[in-house]
Amino acid sequence: MSRDRVELIVDDQAFEVEAGTPLKALGITPPPDAVAFTLNGRVYDFQQGIRDSGRVAWLTFREHAGREVFRHSSAHLLAQAVKRLWPEAQLGTGPATEEGFYYDILLPRPLGESELSSVEEEMRRIVQEDLAIERLELSREDAMALFRDRGEGLKLDIIARIPDGTTISAYRQGEFVDLCTGPHLPSTGRIRALKLTGVSGAYWRGDEANPMLTRIYGTSYPSQEELDAHLYRIEEAKRRDHRRLGPALGLFSFREEAPGFTFWHPKGQRLYRTLEEFSRRLQEPRGYQEVATPWIYRVGLWKQSGHWDHYRENMFVIEREDETLGVKPMNCPGHCLLFQSEVRSYRDLPIRYAEYSPLSRFERSGTLHGLMRVRGLHQDDAHLFVREDQIGEEMQGVLDLVDHVYRTFGMPYEVVLSTRPEDYMGALELWERAESALREVLERRGLPYQINPGDGAFYGPKLDFYAVDALGRRWQCATAQLDFQLPVQFDLTYVDRDGQAKRPVMIHRAIMGSLERFIGILVEHYGGDFPLWLAPIQVRVIPVADAQIPYAERVATSLGSAGIRAEVDRKNQKLGYKVREAEVDKIPVVLVVGRRDEEQGTVSVRMRPEGDLGAHPWPDYLEVLRVKAAMPV
RNA sequence: GCUAGCGUAGCUCAGUCGGCAGAGCAGCGGUUUCGUAAACCGCAGGUCGUGGGUUCGAACCCCACCGCUAGCUCCA
């Protein structure tokens with residue numbers, strides 16, 4: 001077969017055609033739900049010239065790559081509608097996202113969310129018109145001329161950056177043309193269900209120095225049912241939003257007097273302390289030693305650690321008596337000073353310092369977000385000082401902890417290795433050693449991982465762990481970072497077997513990460529329905545009538561003595577009312593006590609989500625609860 | 001910080017054209033003492049985010065600031 005011929009297998013039918021022939025020229029009718037196809041791992045639409053031999057695999061909306069084609073064409077649809085409404089608008093870029101698509105557009109005037117419905121209407125009209133989507137291939141000159149004529153200044157900017165020798169393509173549907181590599185749907189009529197979901201600003205090319213364009217977000221599906229299901233998922237996420245649930249459950253609140261800082265209410269503080277206790281009970285048997293170090297240091301320390309150069313923008317800085325002081329955003333420098341306080345032997349290592357004290361980070365006002373992004377936080381933080389030969393074993397220990405914790409909360413997790421950033425500190429050779437050490441740890445464990453190039457900390461590469469919650473969303477929580485720089489900055493040493501001073505390696509690690517953020521995630525993951533061991537109020541005792549209040553109080557007291565967090569509902573209300581309130585408050589266990597219970601020495605158990613479990617002898621049932629409520633360490 | 005939007009009772013929300021500040025839930029007081037998701041009656045609750053301006057008169061129109069929301073940028 002000559003180089004300019006390709007052999008294709010389509011639905012078990014073989015074709016041999018000239019290279020560059022599009023699929024639609026073969027006279028084949030693709031399956032009705034096919035949006036594109038793959039060939040040798042490359043996605044093609046039906047109009048792109050084929051340059052590879054192989055078997056054609058149809059792509060539908062069900063495949064990730066198919067969805068991307070579908071949403072990308074939806075973005076073009078959006079752009080076309082906007083251009084019909086505002087012909088002087090200039091198009092930026094409009095890609096598909098995980099959940100939908102957006103288009104960045106330079107508009108003659110700001111667009112409010114209320115105006116989206118008219119854009120949406122125009123989009124539906126174009127879907128009705130069922131315009132064929134046509135691929136054009138152009139020379140650079142023709143492309144420049146075409147988009148100059150159409151007043152698309154931003155597109156000229158893009159064309160200018162396309163390297164020589166690349167085919168420049170555009171897609172036309174009706175009167176609309178967009179510069180685009182494709183692939184795309186065959187026609188606009190395929191997009192049966194769509195919704196525009198919001199507008200926001202976005203810098204051209206993502207650079208703060210560039211002008212801001214209007215970004216219009218939307219999503220689309222092949223059918224209304226699928227769109228409705230998507231909108232329902234969004235509603236569900238809103239229902240679970242920790243910023244709504246947290247205050248409603250009496251866990252925490254925010255006040256404008258202290259933006260980015262949390263008011264922990266009694267129940268929230270209990271939850272918080274339970275998590276902290278959970279962390280201690282896991283770490284102490286694993287050789288961690290809890291410490292507490294200062295939270296304000298002279299600027300010299302921050303200069304020494306490198307934070308002054310790399311992290312100052314995120315620090316609270318205080319000027320007093322001609323001196324500059326910085327409130328700590330991290331514990332690592334303090335732990336280095338602690339390590340320095342004594343002469344260390346190789347026999348002392350590894351040393352594992354754990355600390356839960358408050359950290360302050362100046363986050364820019366626009367980035368604050370409930371508990372997920374705050375200025376005042378606490379981490380289940382630790383720094384391990386290890387010999388180089390201990391790195392593997394210690395990292396394995398960290399991974400064990402991560403695994404235990406995320407398993408406990410029923411969250412699968414994904415691992416990402418982040419490598420050397422541009423503003424890195426230290427010698428290249430150390431970085432390479434650190435990065436390959438991390439790779440080896442993961443591979444020995446057989447953990448699949450992704451690589452995020454250039455996303456490491458300024459002092460070392462890191463492993464980030466993304467927990468996946470009940471709604472399938474990913475949250476970055478745990479992190480484990482190798483650090484060869486800070487021991488150099490602080491001139492940390494230990495005396496080795498041969499009497500020589502050696503440099504330890506530091507491992508920075510947090511398992512839950514920021515406890516604030518972790519609680520935010522747990523609230524949404526469980527929808528406020530915490531497992532028994534974690535629930536702030538584990539048991540509510542409800543007397544059927546006032547006459548049973550003393551009995552209810554005796555029950556609650558014995559629960560308390562057994563270490564179970566219990567309260568009595570003394571409200572003058574009917575039982576049904578108090579049961580409902582307990583359900584709304586998401587109390588995991590309700591013990592109803594009426595006259596029958598008092599006479600027979602029982603409690604009537606009601607548990608979430610099962611409901612009424614009938615009468616059980618008391619205090620025998622206390623032991624059942626004690627076992628169920630035990631912390632899973 | 002930037003773009004757009006929002007801010008009325010503890011919560012959810014109504015408030016017409018610029019003309020006396022409203023409801024439900026929660027709270028409090030009473031009646032009721034009740035067996036598994038809302039008893040009944042009553043009471044109280046407001047600097048309409050803050051400050052300025054326009055107007056005879058501003059929750060409503062204008063300006064500035066604060067906070068929040070969706071994103072952007074940032075995120076050890």
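Chain naming here is simple, since letters A, B, ... match the order of the sequence lines and numbering starts at 1 in each. Computed from heavy atoms alone, side chains included, the values below leave out hydrogens, waters and symmetry copies. The shown structure was predicted, so the numbers you read here are calculated from the model rather than taken from an experiment.
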Fill in: Distance, P atom - from B:rG49 to B:rA58, rounded to whole angstrom
15 Å

Item to complete: Please check if any side-chain donor atom of A:Y217 sits under 3.5 Å from a side-chain acceptor atom of A:E99, or the reverse.
Response: no

Discussion item. In dot-bracket form, 5' to 3', how is RNA chain B paired? Count Watson-Crick and G-U wobble pairs only if both distances fall under 3.5 Å, and write | where the partner sits on another strand.
Written reply: (((((((..((((.....[..)))).(((((.......))))).....(((((..]....))))))))))))....

Discussion item. Given B:rC34, B:rC72, B:rA38, identify the nucleotide with an atom nearest to the side chain of A:R580.
Written reply: B:rA38

Worksheet item: Base, sugar-phosphate, or nothing: which does A:S604 touch, judged by heavy atoms less than 4.0 Å apart?
Response: base

Worksheet item: Is the side chain of A:S514 donor-acceptor paired with the backbone N or O of A:E516 at a distance under 3.5 Å, no angle test?
Response: yes

Practice prompt. Would you classify A:H307 as touching base, sugar-phosphate or nothing, given that sugar-phosphate means primed atoms plus P, OP1 and OP2, and contacts are heavy atoms under 4.0 Å?
Written response: nothing

Worksheet item: What does A:K462 touch in the nucleic acid at a heavy-atom separation under 4.0 angstrom: a base, only the sugar-phosphate, or nothing?
Response: sugar-phosphate

Worksheet item: If each of A:R205 and A:Y311 is mapped to the nucleotide of RNA chain B with the nearest heavy atom, which maps nearer the 5' terminus, i.e. the 5' end?
Response: A:R205

Worksheet item: How is A:F254 classified with respect to the nucleic acid when contacts are heavy atoms under 4.0 Å: base, sugar-phosphate, or nothing?
Response: nothing

Worksheet item: Which of these, A:Q573, A:R540, A:K571, sits in a side chain to side chain donor-acceptor pair (under 3.5 Å) with A:E581?
Response: A:K571

Discussion item. What's A:G370 touching, base or sugar-phosphate or nothing? Going by heavy atoms closer than 4.0 Å.
Written reply: sugar-phosphate

Worksheet item: Can the positive tip of A:R71 be found less than 6.0 Å from the middle of the six-membered ring of A:F101, inside 45° of the ring normal?
Response: no

Fill in: Distance between C1' atoms of B:rA14 and B:rU33 (Å, rounded)
38 Å

Practice prompt. Give A:G576 one of three labels, base, sugar-phosphate or nothing, depending on what nucleic acid heavy atoms sit under 4.0 Å from its own.
Written response: sugar-phosphate

Worksheet entry | Ring center gap for A:F339 and A:H383 short of 6.0 angstrom | no

Practice prompt. Determine the interatomic distance between P on B:rC6 and the same-named atom on B:rC60; round to the nearest Å.
Written response: 14 Å

Worksheet entry | Stretch residues 372-386 of chain A: residues that reach within less than 4.0 Å of RNA chain B through a heavy atom | A:R373, A:Q379

Worksheet item: Looking at B:rU73, does its base get a donor-acceptor pair with the side chain of A:R364 below 3.5 Å?
Response: yes

Discussion item. Let's go through A:R595 and A:E598 carefully: what are the C-alpha distance in whole Å and the side-chain angles of both, what is the deciding distance for salt bridge (charged side-chain N to carboxylate O under 4.0 Å, His left out) to 0.1 Å, and is it a yes or a no?
Written reply: CA-CA 5 Å; A:R595 186 171 18 182; A:E598 188 166 10; over 6 Å; no

Worksheet item: Under 4.0 Å between a side-chain N or O of A:Y577 and OP1 or OP2 of B:rC40?
Response: no

Worksheet entry | Between B:rG45 and B:rA21 - P atom distance, rounded Å | 15 Å

Practice prompt. For nucleotides B:rA44 and B:rG10, find the distance between their C1' atoms and express it as a whole number of Å.
Written response: 13 Å

Worksheet item: Across the strands shown, which category fits A:K328 at heavy-atom distances under 4.0 angstrom: base, sugar-phosphate, nothing?
Response: nothing

Worksheet item: Going through the distances and angles, do A:L625 and A:Q538 end up as a side-chain contact (heavy atoms from CB on, under 4.5 Å)?
Response: CA-CA 10 Å; A:L625 284 179; A:Q538 296 171 302; over 6 Å; no

Worksheet item: Are OP1 or OP2 of B:rC75 and a side-chain N or O of A:H369 less than 4.0 angstrom apart?
Response: no

Practice prompt. Could you give me the CA-CA distance, side-chain angles and deciding distance for A:L591 and A:H616, then say whether side-chain contact (heavy atoms from CB on, under 4.5 Å) is met?
Written response: CA-CA 10 Å; A:L591 298 181; A:H616 287 76; over 6 Å; no

Worksheet, complete the sentence: The answer to which of A:N314 and A:L368 contacts RNA chain B further toward the 5' end, by nearest nucleotide, is A:L368

Worksheet item: A:Y356 and A:S279: side-chain donor and acceptor closer than 3.5 Å?
Response: yes

Worksheet item: Which whole number of Å gives the distance between the C1' atom of B:rU54 and that of B:rA64?
Response: 15 Å

Worksheet item: How far does the C1' atom of B:rG15 sit from the matching atom of B:rG24, given to the nearest Å?
Response: 15 Å

Practice prompt. Measure the spacing between CD of A:E120 and CD1 of A:I216 and express it to the nearest 0.5 Å.
Written response: 11.0 Å

Practice prompt. Answer with base, sugar-phosphate or nothing: what part of the nucleic acid does A:R215 contact at a heavy-atom distance below 4.0 Å?
Written response: sugar-phosphate

Item to complete: For B:rA39, take OP1 and OP2 only and decide whether either is under 4.0 Å from a side-chain N or O of A:Q573.
Response: yes

Discussion item. B:rU33, OP1 or OP2 - any side-chain N/O from A:R570 closer than 4.0 Å?
Written reply: no

Fill in: Sugar-phosphate only, base, or nothing, as touched by A:Y217 at under 4.0 Å among non-hydrogen atoms
sugar-phosphate

Worksheet entry | Gap separating the OG atom of A:S305 from the OH atom of A:Y459, nearest 0.5 angstrom | 10.0 Å

